[in-house]
Amino acid sequence: MKRYNPSEIEPKWQQVWEDQKANEVTVDASKTKMYVSGMFPYPSGAGMHTGHAFSYSITDALARFYRQHGYNVLNPMGFDTFGLPAENYAIKTGVSPAVATAQNIENFKKQFSRMGVSIDWSREISTSDPDYYKWTQWVFTKLHERGLAYQKESLQWWCPVDKTVLANEQVEAGACWRCGTQVEKKSMKQWFFKITDYADALLDGIEDLDWPQKIKTAQTNWIGKSVGAEISFAVSERDDSISVFTTRPDTIFGATFLVLAPEHPLVAELGVGDYKESLEEYVKDAIKRSEVDRMNESREKTGVFTGNYAINPANGEKVPIWVADYVLGGYGTGAIMAVPAHDERDYAFAEKFNLPIIDVIYTEERDDDPSYGAEGVMQNSGEFDGMSSADMREKIVEWLAEHGEATEKTTYKMRDWLISRQRYWGAPIPIIHCPEHGAVSVPEDQLPVVLPEIEDFAPKGDGKSVLAHAEDWVKTTCPTCGGPALRETDTMDGYACSSWYLLRYSDPHNTEKAWDSEAVNYWNPLDYYVGGDHAVAHLLYVRFWTHVFQDMGLVNFKEPIKKLIYHGYINAEDGTKMSKSKGNVIDPLDVIDQGYGADSLRTYLMFMGPIELNAAWNPKGIAGVYRFLNRVWTVAQQYVDATDRSVTKNDDAIRVAQHKTVRRVTDDIRRLSLNTAVSGLMEYTNELYKYKVDGFSDEVWREALMTIAQLLAPFAPHISEELWQQLGGEGLVQHNAWPQWDAALIVEETISIAVQVNGKLRGEISVARDADAETVKAAALAHENVARFVTTEPKKVIYVQGRLVSVVV
RNA sequence: GCGCGAGUGGUGGAAUUGGUAGACACGCUAGUCUUAGGAACUAGUGCCGUAAGGCGUGAAGGUUCAAGUCCUUUCUCGCGCACCA
């Protein structure tokens, strides 16, 4: 008997798939399409880790499952190649990012091949390939044309030692991540995408997405829609007013002071007399710190009085104007009316600085706590006393508008998407700055704006990308007037590059346009998107761009991803994250090399638990799966080697087990319960194992074993191909139909019924499948052990068809 | 703090619709055989108890003939957001 040897059969089938181009697909309107994709990887120098192996094993299982069902399956792969690691590596070693990236991609592709994933490599893309980023740039110009890409002065982190701009996540506790210097804020002109124009559309789209609730909630919160009012407060003894945003205009009679953010434009003018100096100092200090920092610090409120007053438009009361950093400059109007009786933050502030608190909403259950957000009956509110606060919310805005300025207003937490990066290794922003015409888009026929090759990748310390020093490249002519002009030297955020790659897979080599709409509309939207990261950013940006593309008539759908599979992490054996420093990293390629093979690795990853949960790697666990595949192998070999195939002893039982398993595995994969699909295959194998000692019949065993090859193929494709071939199957198992189950064969003649007495299990009876209720009840009561517990006439006997009898005494 | 999940044997987990809790796998125990093979096979394995039986799904209540599943309260852990007015 041949032994199961994955290191022999796996490379063999990988070669066959490659030679036959088994996974390449084209648009075919006569077939139902199925488009699945994992989130494309950043090809790091470290190669593939278990997270990748897990993610792509899920994707591949689905691709193979649907391919076997006869769908036209697109399972592509690409590489998210722009980004900081390659650039930092270049700064350190001088190896150009393009060269290092190409090597890493080669390595990743080898590793993908060894995993046995069924990818259509003819569609490979890489975001740093000029043939790709030409179209990323083209999208930028289209957004620019539509007013969705614009420039704005904005504050950026600046490290005075490294003399470079830092991203928010590169600032740790107010210090530069590299040198530890206290960072500063610097105002710079930056490019933004106007995602806020799509806030409502993106919010409305969330409801119908077949995505995990937590991702949908995360996106909803991120967009952060608030409906309220903007109300104007006149500044006392000044010809000025301060506009505030509130979601609770009904509490305006309780507004006892105003608070402005330190960034508020009026702050500079409001300081009066003795208060002026302390105000200036406070503002200077607050602006130095980021919003992020302010939030990380203790919630102890700080603030200063301006010495100035405003008039509450509801009751004409003079209310003091304060400045405090708990009010954010970037949200609403950067100013609030503080209602300490009904907002815990205002309450904390009022307590600390002894400001008046007026309770304007009465609720019965209210205790002494400041009643944050509660609805109730209005009081201390003039003519509105006794009314319901919820009912008056809109009325009071109308009333305020009659003798002042007040309008209904909706605000969002989401800000526009800042895409400028002062970095080399990214897609150049396709803009030319002309002294005459300003920022002009590079015309389509001059795209791509190719990233120039340079020698020195280290930032020069001027807050610009090193591209600014590639003088020949920077100096150009204005597309509008032909006069001398300069190129934009910032590159785009990598998220821009990954916001449309799922569309490019449909038509990856098109040199005329970003994609052909027929191809894109055939394959998209994506049926399954598999990943475990980017809950908000990437998954929101992809939606944003697709919404825009639909508005531009480039695609005929709004939402790019139908079903999102957001899987967990694979942790180390002790449940903590794998990390190089802890030395607990499991390298999936090592696992394959150890002799377990890719099939065991993949099947184990699917068997570990529900895909959406985190799981801890258990070296014993993969041994168990290897044992299972060995049993599959052994039982198949014993059939193949058998000289006598005339023993029909267990044929009926084998047939029942086979059809039950087909049904179960099919259902389980459909509902993405991959761990139970694998356990179903294990049970089936164990059962066949039991019967093999009695000997083999020909057709029944052959069919039973071919079925296992088919059902196992999504998880362990190599052994499945091998067994399929040994059993005389036609062609590749992955191109053969998924087995069907025959419902009639699964039905058993006698069924087992549990018997409970007062809710406790007391016995089990066997009855005919179609026995009527009275017969079953009688049989239940006749059961010896049941009778022991039923000493009086039962009060009630309930028969649940096909399941149990419940006797109540 | 707010939001979203999840708590089941020694371990990972199963139970699709309120209907036999613990499938499958790991580990462990005992045994068989040792063509020393990452062995294989057989039997057992929730807890207490010799048994009959009792107890048992984070905790406490409740609804029901019947609750891991539904309701109320509460605790713990994970993830996301985090002074957004």
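This structure is a prediction, so every number in the text was calculated from the model and none was measured. To find a chain, count down the sequence lines: A is the first, B the second, and so on, and within it residues start at 1.
- When distances are taken from the side chain of A/Glu764 to each of B/G19, B/G53, B/U20, the shortest belongs to B/U20.
- Using a 4.0 Å heavy-atom distance criterion, A/Gly624 is classed as a sugar-phosphate-only contact.
- Nucleotide B/U50 forms a pair with no other nucleotide shown, judged by Watson-Crick or G-U wobble geometry with both contacts under 3.5 Å.
- Using a 4.0 Å cut-off, some side-chain N or O of A/Asn675 falls inside it from OP1 or OP2 of B/A14.
- With rounding to the nearest 0.5 angstrom, the CE atom of A/Met682 is 9.5 Å from the CG atom of A/Leu712.
- Nucleotides B/A30 and B/U16 have their C1' atoms positioned 38 Å apart, rounded to a whole Å.
- Nucleic acid contact class of A/Pro212 (heavy atoms, under 4.0 Å, all strands): none.
- Going from the P atom of B/C48 to that of B/C33 covers 32 Å, rounded to whole Å.
- Within 3.5 Å, a donor on the side chain of A/Ser806 pairs with an acceptor on the base of B/C65, or the reverse.
- Nucleotides B/C24 and B/A15 have their P atoms positioned 13 Å apart, rounded to a whole Å.
- Nucleic acid contact for A/Arg3: sugar-phosphate only, since backbone atoms but no base atoms lie under 4.0 Å from a heavy atom of the residue.
- Of the candidates B/A25, B/G5, B/A15, B/A15 carries the atom nearest the A/Arg671 side chain, counting heavy atoms from C-beta on.
- Looking at heavy-atom distances under 4.0 Å, A/Asn686 makes contact with sugar-phosphate atoms alone, never a base.
- Applying the ring-ring contact (aromatic ring centres under 6.0 Å, His included) test between A/Phe257 and each of A/Phe349, A/Phe233, A/Phe353 identifies A/Phe349 as the sole match.
- A gap of 25 Å separates the P atoms of B/C41 and B/C47, to the nearest Å.
- Mapping A/Lys225 and A/Thr676 onto RNA chain B by nearest heavy atom places A/Thr676 at the nucleotide closer to the 5' end.
- Rounded to whole angstrom, the span from the CE atom of A/Met608 across to the P atom of B/C26 amounts to 14 Å.
- A cation-pi geometry, defined here as NZ or CZ lying under 6.0 Å from the six-membered ring centre and within 45° of its normal, does not hold between A/Arg602 and A/Phe715.
- Nucleotide B/C33: unpaired (no Watson-Crick or G-U wobble partner with both distances less than 3.5 Å).
- Base engagement by A/Gly595 is indicated by at least one non-hydrogen atom pair under 4.0 Å involving a base atom.
- Pairing for B/A39 is absent, judged as Watson-Crick or G-U wobble with the two contacts each under 3.5 Å.
- When each of B/C55, B/U20, B/A85 is scored by its nearest atom to the side-chain atoms of A/Lys760, the top-ranked nucleotide is B/C55.
- A donor and an acceptor atom, one from each side chain of A/Arg631 and A/Asn686, are located under 3.5 Å apart.
- A/Ser679 meets the side chain to side chain donor-acceptor pair (under 3.5 Å) test with A/Arg664; sequence neighbours excluded.
- Distances shorter than 4.0 Å separate none of the side-chain N or O atoms of A/Asn614 from OP1 or OP2 on B/G12.
- For the OP1/OP2 pair of B/G53 and a distance below 4.0 Å, the side-chain nitrogens and oxygens of A/Arg788 include at least one atom meeting the criterion.
- Computed from coordinates, the A/Lys577 NZ to B/G78 P distance equals 11 Å when rounded to whole Å.
- Atom pair A/Trp633:CH2 and B/A40:P shows a separation of 17 Å (rounding to whole Å applied).
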List the atom pairs, with distances to 0.1 Å, where a side-chain N or O of residues 609-619 of chain A and a protein N or O form a donor-acceptor pair under 3.5 Å, not counting sequence neighbours.
residue  : atom : partner  : partner atom : Å
A/Asn614 : OD1  : A/Tyr569 : N            : 2.8
A/Asn618 : OD1  : A/Lys620 : N            : 2.9

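- Of all nucleotides listed (B/G19, B/G78, B/A14), B/G19 comes nearest to the side chain of A/Gln756.
- Between B/G61 and B/U11, the distance separating the two C1' atoms is 32 Å to the nearest Å.
- Within the cation-pi definition used here (under 6.0 Å to the ring centroid, within 45° of the axis), A/Lys301 qualifies as a partner of A/Tyr326.
- Candidate nucleotides B/C24, B/G27, B/A21 were compared by shortest atom distance to the side chain of A/Leu761, and B/A21 ranks first.
- An OP1 or OP2 oxygen of B/A40 is reached within less than 4.0 angstrom by no side-chain nitrogen or oxygen of A/Tyr689.
- Side-chain proximity of A/Ser226 to the nucleotides B/A85, B/G54, B/G19 is greatest for B/A85.
- Where A/Lys796 and A/Ser679 each meet RNA chain B at their nearest nucleotide, the meeting point lying more 5' is that of A/Ser679.
- Look at B/G1: its Watson-Crick or wobble partner, with both distances under 3.5 angstrom, is B/C81.
- When the P atom of B/A25 is taken as reference, atom CZ of A/Phe715 falls 16 Å away, rounded to whole Å.
- B/U74 and B/G58 make up a base pair, with Watson-Crick or G-U wobble contacts both under 3.5 Å.
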- Dump the intermediate steps for side chain to side chain contact (heavy atoms under 4.5 Å, CB included) on A/Lys660 and A/Trp741, then the final yes or no. CA-CA 7 Å; A/Lys660 271 187 174 171; A/Trp741 72 88; over 6 Å; no
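- Distance A/Phe607 CZ to B/A23 P: 12 Å, rounded to the nearest Å.
- Of the candidate nucleotides B/C41, B/A23, B/G1, B/C41 has the atom nearest to the side chain of A/Arg631.
- Taking side-chain N and O atoms only, A/Tyr326 has no distance below 4.0 Å to OP1 or OP2 of B/A85.
- A/Glu230 and A/Thr407 are not linked by any side-chain donor-acceptor pair at a separation below 3.5 angstrom, with hydrogens and angles left out of the test.
- Comparing B/G9 with B/U29, their C1' atoms sit 16 Å apart, to the nearest whole Å.
- Closest to the side chain of A/Arg627, from the set B/G80, B/G27, B/U20, is B/G27.
- A/Lys620 comes within contact range of the sugar-phosphate backbone alone, with a heavy-atom separation under 4.0 Å but no base atom that close.
- Distance check, rounded to the nearest 0.5 Å: OH of A/Tyr596 to OH of A/Tyr626 gives 8.0 Å.
- Remark: A/Asn785 is in phosphate contact with B/G53, judged by side-chain N or O atoms under 4.0 Å from OP1 or OP2.
- In this structure, B/G9 shows a glycosidic angle within 90 degrees of zero, which is the syn conformation.
- B/A23: no Watson-Crick or G-U partner with both key distances under 3.5 Å is found in any strand.
- The nucleotide B/A66 finds no pairing partner, because no Watson-Crick or G-U wobble arrangement with both distances shorter than 3.5 Å includes it.
- The nucleotide B/G9 finds no pairing partner, because no Watson-Crick or G-U wobble arrangement with both distances shorter than 3.5 Å includes it.
- Only the P atoms considered, B/U57 is 15 Å distant from B/G62, to the nearest whole Å.
- Candidate nucleotides B/A85, B/C81, B/C79 were compared by shortest atom distance to the side chain of A/Trp222, and B/C81 ranks first.
- Rounded to whole Å, the separation between the P atoms of B/C55 and B/A60 comes to 14 Å.
- Atom pair A/Asn571:CG and B/C77:C1' shows a separation of 14 Å (rounding to whole Å applied).
- Base engagement by A/Ser752 is indicated by at least one non-hydrogen atom pair under 4.0 Å involving a base atom.
- Counting only heavy atoms from C-beta on, A/Lys214 has its side chain closest to B/C4 among B/C26, B/A25, B/C4.
- A/Tyr626 comes within contact range of no nucleotide atom at all, as no heavy-atom separation falls under 4.0 Å.
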